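Comments concern the structure below.
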There are 2 protein chains.
Amino acid sequence: MLKYQNQTRLLVAVDCIIFGFDGNKLKILLIKRGLEPKKDHWSLMGGFVQPAESTDEAAKRVLKQLTGLDGVYLEQFYTFSAKDRDPIERTISVAYFALIDIHQYEKQISEEYHAEWFQLDQIPELIFDHSQMVAMAREKLRYKAALHPLLFELLPVKFTLPLLQSLFEDVYETNFDKGNFSRKIISTGLLIKQKDKDKTNSKKGAFYYKLDKKHYKKNFHAVLKFIPNLNNHLEVEK
Amino acid sequence: MLKYQNQTRLLVAVDCIIFGFDGNKLKILLIKRGLEPKKDHWSLMGGFVQPAESTDEAAKRVLKQLTGLDGVYLEQFYTFSAKDRDPIERTISVAYFALIDIHQYEKQISEEYHAEWFQLDQIPELIFDHSQMVAMAREKLRYKAALHPLLFELLPVKFTLPLLQSLFEDVYETNFDKGNFSRKIISTGLLIKQKDKDKTNSKKGAFYYKLDKKHYKKNFHAVLKFIPNLNNHLEVEK
DNA sequence: TCAAAAGTGTTAGTTCTACACCCATGT
DNA sequence: ACATGGGTGTAGAACTAACACTTTTGA
């Protein structure tokens, strides 16, 4: 096969920011890096892109390795390429964020990786430019979730409105009026009310809802104007 | 220097979608590719990332080569990595979009590249996955411009509101009410009214405005809610 | 019966949209 | 004087934010 002449080939990696929501706080999953350099330092889950796979496939593979989960929401958001970002050898990294239902995640599987969930305000020092990746992933999540019904991916199949609200509140670091929030969510037509209630948080109990998968794709933009004063919650990027 | 063992290195390229606005239509700049394969086919401007530069730097370099322009608005938006996207050799490409004032662009400089402006509805067949890149760049531009005062980058320093409106209309393929449009734009506080008018389009003439550079960065989000029914104009991405 | 969380109602204020109208001026 | 594009005014609809109120039920 013909090749391009006189060009330098580079290592290409993927790194995943894996978001989960424990019902109270948004968290990300970190691991203790298994190889030198920076062995045993906290790191995102990542790996080199293999010759036979796209970066999407690489990210899926990596995610499967760490969480055991398939079919997870995964989105490429930025490629990091500073020439000294990896001290050992020039590597460019395509970064992804993933949204998983934290309860489906099998702790056992990950224990061999020494994985741990961290709240966003308690993230330890990370290797390389991984802190910057996390910050950017978080920002992108806010952007995207303001326009698209994305955060449902972090919840179980059945969830209550108060739970959904507390997720939004944690993502946007603000509080919403429950009345206004529930009206807006309901008005998207994305949710189907269930007959049963979750009574773990109150005597009265809160009705469960499910996503209406039919309307889900169709109304993928329906969340615009969800966030009061969105402007205050999206940071300037550059 | 130590290296990572047993990993495949890949070619990494950048490709640029260069947007310009001629006062009437949004256009992109394409070139006839200079090397095999697909020599003389229409293509985005791109190039391989060199060992000493980040992808941002590579994109800047490529842009300078084609347009002669420095300090142009340039934004990375997606990395394309399908393993057969380049038939010669596996190459991943980091795609950027650029916004330039078409009138500052020196036609002479580009003639050696056989560059040409194309309206978005008249784009010829492009090599590799470049058509997909263009489609995605356009979509990202709509997203970003709905939230940030970005489109000013496509205009001269002094511009009129009708001109700005026609740019928005072309980007979003819709028509805005001029009264509502001008009130919303003015209310951002981003524009400074000039004393002189542009009389090329009417007897009365339309006042020129300039961007208020001070407020520009500060109010970078101020454009939210600019696009009536934004939902109808942003496509589902995936 | 009472505390606590879920959920509904209400209202004042704001913003949006559509469209009518006025303005400036070269021909 | 009038046609043309620039620019302003405005009424009704729609949406928002804030907060008071009602409901449910386990303890």
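All of these numbers come straight from a predicted model, not from anything done at the bench. In what follows, chains are A, B, ... by sequence order, proteins preceding strands, each numbered from 1.
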Checklist entry - Please walk me through it: do B/Phe181 and B/Phe168 pass ring-ring contact (aromatic ring centres under 6.0 Å, His included)? => result CA-CA 10 Å; B/Phe181 181 83; B/Phe168 269 85; 5.4 Å; yes
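- Closest contact between the side chain of A/Ala206 and the listed nucleotides D/dG6, C/dG7, C/dA18 involves C/dG7.
- Comment: B/Arg142 engages B/Glu173 in a salt bridge, judged by a side-chain N to carboxylate O separation of less than 4.0 angstrom.
- No more than 12 heavy atoms of other residues, nucleotides or ligands shown are found within 6.0 angstrom of CD on B/Glu125.
- Rounded to whole Å, atom P of C/dT8 lies 13 Å from atom CG of A/Asp177.
- Side-chain proximity of B/Arg183 to C/dA18, D/dA17, D/dG7: nearest is C/dA18.
- Side-chain to base pairing of B/Lys178 with D/dG5: no donor and acceptor N or O lie closer than 3.5 Å to each other.
- Look at NZ on A/Lys193: it is 10 Å from C1' on C/dA6, rounded to the nearest Å.
- B/Asp70 has no carboxylate O lying under 4.0 Å from a charged side-chain N of B/Lys60, or vice versa, which leaves the two without a salt bridge.
- If you measure from atom NZ of A/Lys184 to atom P of C/dG7, you get 18 Å, rounded to the nearest angstrom.
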Checklist entry - Which letters describe nucleotides 22-27 of chain D, given B = protein heavy atom under 4.0 Å from base, S = only from sugar-phosphate, - = neither? => result -BBBB-
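- Not a single donor-acceptor contact under 3.5 angstrom links the side-chain atoms of A/Asn201 to the base of C/dA5.
- Remark: B/Lys158 does not engage B/Asp198 in a salt bridge, criterion side-chain N to carboxylate O under 4.0 Å.
- One atom, CZ of B/Phe181, and another, C1' of C/dA18, lie 17 Å apart when rounded to the nearest Å.
- DNA chain C is contacted by both B/Asn180 and A/Gly179; A/Gly179 maps to the nucleotide lying nearer its 5′ end (nearest heavy atom per residue).
- Look at CD on A/Gln165: it is 13 Å from P on C/dA5, rounded to the nearest Å.
- Looking at every heavy atom in both residues, B/His103 comes nearest to B/Pro156 through ND1-CG, 4.4 Å.
- Across the protein-nucleic acid pair, B/Ile186 atom CD1 and D/dG7 atom C1' stand 11 Å apart, rounded to whole Å.
- Scored by the salt bridge (charged side-chain N to carboxylate O under 4.0 Å, His left out) test, A/Lys27 finds A/Asp22 as partners (sequence neighbours excluded).
- Distance, B/Asn175 CG to D/dG5 C1': 15 Å, rounded to whole Å.
- Rounded to whole Å, the distance from CG on A/Leu163 to C1' on C/dA6 is 14 Å.
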